[in-house]
Asks: 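Input: one structure, supplied below.
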2 protein chains.
Amino acid sequence: MTTQRRVLIETMQEAKEHLDVSSLLALARKREPGIDRATVYRTIEKLKKFGLVDELDLMHMNGEKHYYEVKPKRDHVHLACLQCGQVEEFSSPLFEQLKREITEQTGFEILVTRLEVGGRCSVCRNSNKR
Amino acid sequence: MTTQRRVLIETMQEAKEHLDVSSLLALARKREPGIDRATVYRTIEKLKKFGLVDELDLMHMNGEKHYYEVKPKRDHVHLACLQCGQVEEFSSPLFEQLKREITEQTGFEILVTRLEVGGRCSVCRNSNKR
DNA sequence: ATAACTGCAAATCTTTTGCTTACAG
DNA sequence: CTGTAAGCAAAAGATTTGCAGTTAT
């Protein structure tokens with residue numbers, strides 16, 4: 001456990017929104033200026049492997065980069081509005097049930113899940129019909 | 001509708017597994033040798049926009065590339081075995097129900113969904129316990 | 001002490017773009 | 001004809017890697 005890792009983890013925990021590597025790097029540098037991009041990638045890799053962090057694509061709304069979030073207790077769906085870019089989270093017992101069903105019916109042991117939805121959020125639907 | 005597009009679409013339809021851009025390009029070139037990588041990217045972009053093709057990440061098992069499949073009538077989950085790389089598909093009324101619930105409860109209009117699961121398939125679980 | 005981690009720079013992989021020529025409708 | 005698409009080559013964006021020096025345990 002190094003200073004850099006601690007800073008990166010804290011930064012992610014305190015973040016209000018999903019961070020991509022560049023944003024995470026920028027925020028982390030406010031605390032630990034020397035920190036390098038490669039360290040961010042290597043740390044994320046580790047954290048993913050340990051199941052502490054989830055990787056998101058958010059339907060690649062802005063290029064191909066990935067976003068990261070501290071793994072939540074309860075998995076949730078990410079609803080990405082393709083119009084305004086807003087991301088909502090949604091969790092439901094139905095999702096848990098679906099996961100259970102998958103394991104029961106296929107024997108697949110689930111380690112990570114990623115359910116992303118692209119579409120139009122209610123705000124955009126109301127402001128501009130169609 | 002150009003020859004290249006026709007070839008790309010046919011190639012995807014006939015493919016038995018999920019293709020990444022390089023594989024798709026290689027297969028398409030067997031029919032239409034001159035076809036360019038950029039054309040593949042541009043065509044996929046169009047097809048995605050028209051909702052004819054879905055993009056997958058398959059949990060980034062092999063690098064950051066994307067995979068593509070002709071949009072199925074019924075959405076399905078992709079179960080990616082992190083050990084052997086096999087990808088299973090799974091569909092269930094529960095998934096449909098979950099999507100309905102999302103729309104009802106959040107007012108979000110769903111255009112695309114991507115549910116990917118990473119873990120260990122039953123074969124790998126049985127061959128090597130633990 | 002020593003194994004693991006960092007910063008730096010360069011490399012790699014994937015995707016995008018500008019431009020000119022070619023083709024479909 | 002005329003707009004859209006293709007091919008080519010170069011650029012951009014994201015991530016990975018080799019290496020030498022540093023740090024955690």
Side-chain angles (χ1 to χ4, degrees), chain A residues 1-12 18-50 52-69 80 82 85 112 114 116 118, chain B residues 1-12 18-50 52-69 80 82 85 112 114 116 118:
Chain A
M1 181 50 65
T2 62
T3 309
Q4 292 87 331
R5 289 194 182 166
R6 205 173 353 262
V7 168
L8 286 170
I9 294 172
E10 286 170 11
T11 303
M12 292 194 64
H18 304 113
L19 300 174
D20 60 30
V21 170
S22 294
S23 323
L24 174 54
L25 178 61
L27 286 175
R29 275 186 170 158
K30 289 189 179 168
R31 295 192 183 207
E32 186 65 20
I35 197 168
D36 192 79
R37 202 175 208 88
T39 301
V40 177
Y41 279 106
R42 287 192 273 234
T43 302
I44 286 175
E45 198 53 42
K46 281 267 157 66
L47 295 174
K48 270 200 294 178
K49 198 153 290 171
F50 280 90
L52 298 173
V53 156
D54 279 336
E55 184 178 66
L56 314 173
D57 291 322
L58 301 183
M59 298 320 260
H60 305 296
M61 284 190 303
N62 296 299
E64 298 304 314
K65 61 190 163 217
H66 295 119
Y67 297 85
Y68 300 91
E69 72 179 4
L82 302 174
V112 249
R114 183 145 95 220
E116 303 193 345
Chain B
M1 180 53 64
T2 62
T3 308
Q4 291 87 333
R5 288 197 182 162
R6 205 173 354 261
V7 168
L8 286 170
I9 293 172
E10 286 170 11
T11 304
M12 293 194 64
H18 303 113
L19 301 174
D20 60 28
V21 169
S22 294
S23 323
L24 174 54
L25 178 62
L27 287 175
R29 275 186 170 158
K30 290 189 179 168
R31 296 190 181 207
E32 185 65 20
I35 198 167
D36 193 78
R37 204 179 207 84
T39 301
V40 177
Y41 279 106
R42 287 192 272 233
T43 301
I44 287 176
E45 198 52 41
K46 281 268 157 65
L47 295 174
K48 271 200 293 178
K49 198 154 288 172
F50 280 90
L52 298 173
V53 155
D54 279 336
E55 183 178 67
L56 314 173
D57 291 323
L58 300 183
M59 298 321 259
H60 304 296
M61 284 190 303
N62 296 299
E64 299 304 316
K65 61 188 163 220
H66 295 120
Y67 298 85
Y68 300 91
E69 72 178 4
L82 302 174
V112 250
R114 183 146 92 218
E116 302 193 346

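Every heavy atom of this structure was used, including side-chain atoms; hydrogens, water molecules and symmetry mates were not. Numbers restart at 1 for each chain; the letters A, B, ... are given by sequence-line order, proteins then strands.
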Asks: Report each atom pair, protein N/O against N/O of nucleotides 18-25 of chain C, whose distance is under 3.5 angstrom.
Replies:
from   : atom 1 : to    : atom 2 : distance (Å)
C:dG18 : O6     : B:R42 : NH1    : 3.4

Asks: Identify the residue among A:I44, A:D36, A:T43 that makes a side chain to side chain contact (heavy atoms under 4.5 Å, CB included) with A:V40.
Replies: A:I44
Asks: Give me each pair satisfying ring-ring contact (aromatic ring centres under 6.0 Å, His included) with a member in residues 21-41 of chain B, each pair once, sequence neighbours excluded.
Replies: none
Asks: Between B:E64 and B:K46, which is nearer to the 5' end of DNA chain D once each is assigned its nearest nucleotide?
Replies: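 Result: B:K46.
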Asks: By nearest atom, which of the nucleotides C:dC5, C:dG7, D:dG7 is closest to the B:T39 side chain?
Replies: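 Selected nucleotide: D:dG7.
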Asks: Applying side chain to side chain contact (heavy atoms under 4.5 Å, CB included), can you list everything that pairs with A:Q4, at least two apart in sequence or on another chain?
Replies: A:T2, A:I35, A:T39
Asks: Does a side-chain N-to-carboxylate-O contact under 4.0 Å join B:E45 and B:R42?
Replies: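 No salt bridge links B:E45 with B:R42.
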Asks: Side chains of B:L24 and B:M12: does their closest heavy-atom pair fall under 4.5 Å?
Replies: yes
Asks: Is the shortest side-chain heavy-atom distance between B:R114 and B:E55 below 4.5 Å?
Replies: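 The answer is yes; the side chains approach within 4.5 Å.
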Asks: Please confirm whether the shortest side-chain N or O distance from A:H66 to OP1 or OP2 of D:dA14 is below 4.0 Å.
Replies: no
Asks: Show your working on side chain to side chain contact (heavy atoms under 4.5 Å, CB included) between B:E116 and B:L56 and close with a plain yes or no.
Replies: CA-CA 8 Å; B:E116 302 193 346; B:L56 314 173; 3.6 Å; yes
Asks: Can you tell me the distance, in whole Å, between the CZ atom of A:R37 and the P atom of D:dT15?
Replies: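 Checked: the CZ to P distance equals 8 Å.
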Asks: Give the nucleotide from the list D:dG7, C:dT16, C:dT6 with an atom nearest to the side chain of B:Y41.
Replies: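 Of all the options, the side chain of B:Y41 is nearest to C:dT16.
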Asks: Send over the distance from A:K49 NZ to D:dT16 C1', rounded to a whole Å.
Replies: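 About 13 Å, once rounded to whole Å.
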Asks: Going by heavy atoms closer than 4.0 Å, what residues in residues 20-34 of chain A are next to DNA chain C?
Replies: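 Heavy-atom cutoff 4.0 Å gives A:G34.
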Asks: Is there a side-chain contact between A:D57 and A:H66 (heavy atoms, below 4.5 Å)?
Replies: yes
Asks: Between C:dC8 atom C1' and A:I35 atom CD1, what is the distance in whole Å?
Replies: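 So the two atoms are 14 Å apart, to the nearest Å.
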Asks: Give, for atom CD1 of B:I9 and atom CE of B:M1, the distance between the pair rounded to the nearest 0.5 Å.
Replies: 4.5 Å
Asks: Take the protein atom NZ of A:K65 and the nucleotide atom P of C:dT16, then report the distance between them rounded to whole Å.
Replies: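 Distance check: A:K65 NZ to C:dT16 P gives 13 Å.
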Asks: Rounded to the nearest Å, what distance is computed from the CG atom of residue A:D36 to the C1' atom of nucleotide D:dT17?
Replies: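 Rounded to the whole Å, the gap is 12 Å.
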Asks: Would you say A:Q4 reaches D:dT23's phosphate, i.e. side-chain N/O to OP1/OP2 under 4.0 Å?
Replies: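 Result: no.
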Asks: Without decimals, in angstroms, what is the distance between A:R5 CZ and C:dG7 C1'?
Replies: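 It works out to 14 Å between those atoms.
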Asks: What residues from residues 55-63 of chain A pass a heavy-atom cutoff of under 4.0 Å to DNA chain C?
Replies: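 Output list: empty, so none.
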Asks: Using the test side chain to side chain donor-acceptor pair (under 3.5 Å), find all partners of B:S22 that sit at least two apart in sequence or belong to another chain.
Replies: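 Per chain and number, B:S22 pairs via side chain to side chain donor-acceptor pair (under 3.5 Å) with B:R37.
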Asks: Give me the atom names and distance for the closest heavy-atom approach of B:A28 to B:T11.
Replies: CA-OG1, 3.9 Å
